[in-house]
Trainee: 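Quick one: the structure is below, and I'll ask about it shortly.
Keep in mind that the numbers below use all heavy atoms, side chains included, and drop hydrogens, waters and symmetry copies. The model shown is predicted, which means the values in this text are computed figures rather than measured ones. Order of appearance sets the numbers: ligands from 1, and atoms from 1 within every ligand.
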Amino acid sequence: MKTIVIAGGTDGIGKALAATRLSGGDTVVVIGRNEVKGKEFLDSAQARGAGARAFFVRADLSLLAENERAVTAVKAQFPTLDALVLCARHYRSARTETTDGLEENFALFYLSRYLFGHALADSLAAAEQGVVVNVAGPGAGLGLVRFGDLELRRGYHGGAALGQGGKLNDLLGVSFAERYGERGIRYVLIHPGVTATSFSGVYDQETRRQIAAMRAYAKPVESALPPIVAAVDSPPAQPLSAFVEGRRIRVDDESFDRDAARRLEAATERILLEHRGQTGVLPRN
Ligand SMILES: NC(=O)c1ccc[n+]([C@@H]2O[C@H](COP(=O)([O-])OP(=O)(O)OC[C@H]3O[C@@H](n4cnc5c(N)ncnc54)[C@H](OP(=O)(O)O)[C@@H]3O)[C@@H](O)[C@H]2O)c1
């Protein structure tokens with residue numbers, strides 16, 4: 001039986017995965033900002049006789065201190081982790097900043113995933129086969145990445161912000177695999193395809209209409225699970241792999257450019273240094 005952490009596991013794909021893995025006998029730690037949904041997860045686990053294997057850590061993952069508090073809590077209780085599944089995201093039609101002064105999509109969809117992966121690497125390396133499953137939107141090039149304006153101060157659009165976040169996660173996968181591949185941790189990027197979930201977000205009228213239209217053809221949430229479950233149970237042997245709706249894609253094209261990945265890692269460490277008033281998360285050379 002495995003121990004699985006699901007960041008953004010209170011709704012959508014993360015929630016469905018939490019329920020499935022709990023039913024299968026795993027220990028599941030759900031991380032989310034919503035206390036009520038967290039309690040629902042714990043109550044339903046209790047009702048199914050799995051209460052001792054269900055955990056909820058409340059944290060707003062768009063905030064640096066909350067990420068640090070959440071990973072500290074997880075590390076203290078679970079020195080060995082089989083899988084870290086990253087599902088948290090929140091669409092914003094209008095550009096907003098967190099109380100840390102960071103653009104919200106950048107903070108939640110990318111930086112939180114960066115912090116979680118690095119902070120939990122030792123726990124994942126301690127497992128027989130540790131894996132990070134980053135559910136985002138791999139592939140399709142780096143056209144949406146604005147290296148000179150990662151926090152999208154100019155010409156913000158919610159869709160472009162989410163799109164850029166997906167590409168930043170591809171590059172995160174490249175850096176992570178380079179750094180931890182030798183320690184046996186696998187990194188799997190997964191595009192689930194259009195799936196009828198909660199579509200967590202704050203939408204303008206036009207985008208709300210588009211989301212409603214998307215729901216009509218989106219697949220049910222259970223259909224998004226098989227590739228994620230496969231990645232948790234038997235990830236590919238390579239340190240980095242990527243899948244779009246279950247189909248494996250190449251990780252040696254422009255989307256996964258090593259120089260761009262190093263550039264992003266350096267920029268991320270600078271941003272963390274600036275916003276935390278202390279070192280970033282990586283050891284300094
Ligand atoms: N659904 C799709 O069509 C689709 C397509 C391509 C890629 N994806 C990717 O698949 C992953 C899962 O998507 P989904 O559609 O299942 O998501 P979802 O239903 O919108 O759920 C997002 C999850 O993130 C949590 N979250 C949002 N803001 C948070 C915050 N500040 N702190 C902590 N948790 C927060 C939500 O919590 P609350 O319960 O509090 O809202 C919820 O649990 C995402 O990374 C997404 O980019 C989805």
Trainee: Only counting residues at least two apart or in another chain, list the ones meeting side chain to side chain donor-acceptor pair (under 3.5 Å) with Arg208.
Mentor: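 Arg208 satisfies side chain to side chain donor-acceptor pair (under 3.5 Å) with no residue once adjacent residues are dropped.
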Trainee: Side-chain polar contacts of residues 235-242 - donor-acceptor pairs under 3.5 angstrom, sequence neighbours left out - could you list them?
Mentor:
from   : atom 1 : to     : atom 2 : distance (Å)
Gln238 : OE1    : Arg248 : NH2    : 2.9

Trainee: Do Leu150 and Phe106 have side chains that approach each other closer than 4.5 Å (heavy atoms only, starting at C-beta)?
Mentor: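 Touching, per the 4.5 Å side-chain cut-off.
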Trainee: Using side-chain heavy atoms (C-beta onward) and a distance below 4.5 Å, is Lys167 in contact with Asp170?
Mentor: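 Result yes, sub-4.5 Å side-chain heavy-atom pair found.
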Trainee: Please enumerate all residues that pass ring pair (Phe, Tyr, Trp, His ring centres under 6.0 Å) together with Tyr156, with sequence neighbours excluded.
Mentor: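 By the ring pair (Phe, Tyr, Trp, His ring centres under 6.0 Å) rule, Tyr156 matches no residue at all.
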Trainee: Near ligand 1, which residues have a heavy atom under 4.0 Å away from one of its atoms?
Mentor: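 For ligand 1, the contacting residues are Gly8, Thr10, Asp11, Gly12, Ile13, Arg33, Asn34, Lys37, Ala59, Asp60, Leu61, Ser62, Cys87, Ala88, Arg89, His90, Leu108, Phe109, Arg113, Val135, Ala136, His191, Pro192, Gly193, Val194, Thr195, Thr197, Ser198, Phe199, Ser200.
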Trainee: Is the shortest side-chain N to carboxylate O distance from Glu66 to Arg58 below 4.0 Å?
Mentor: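 The answer is yes: the pair qualifies as a salt bridge.
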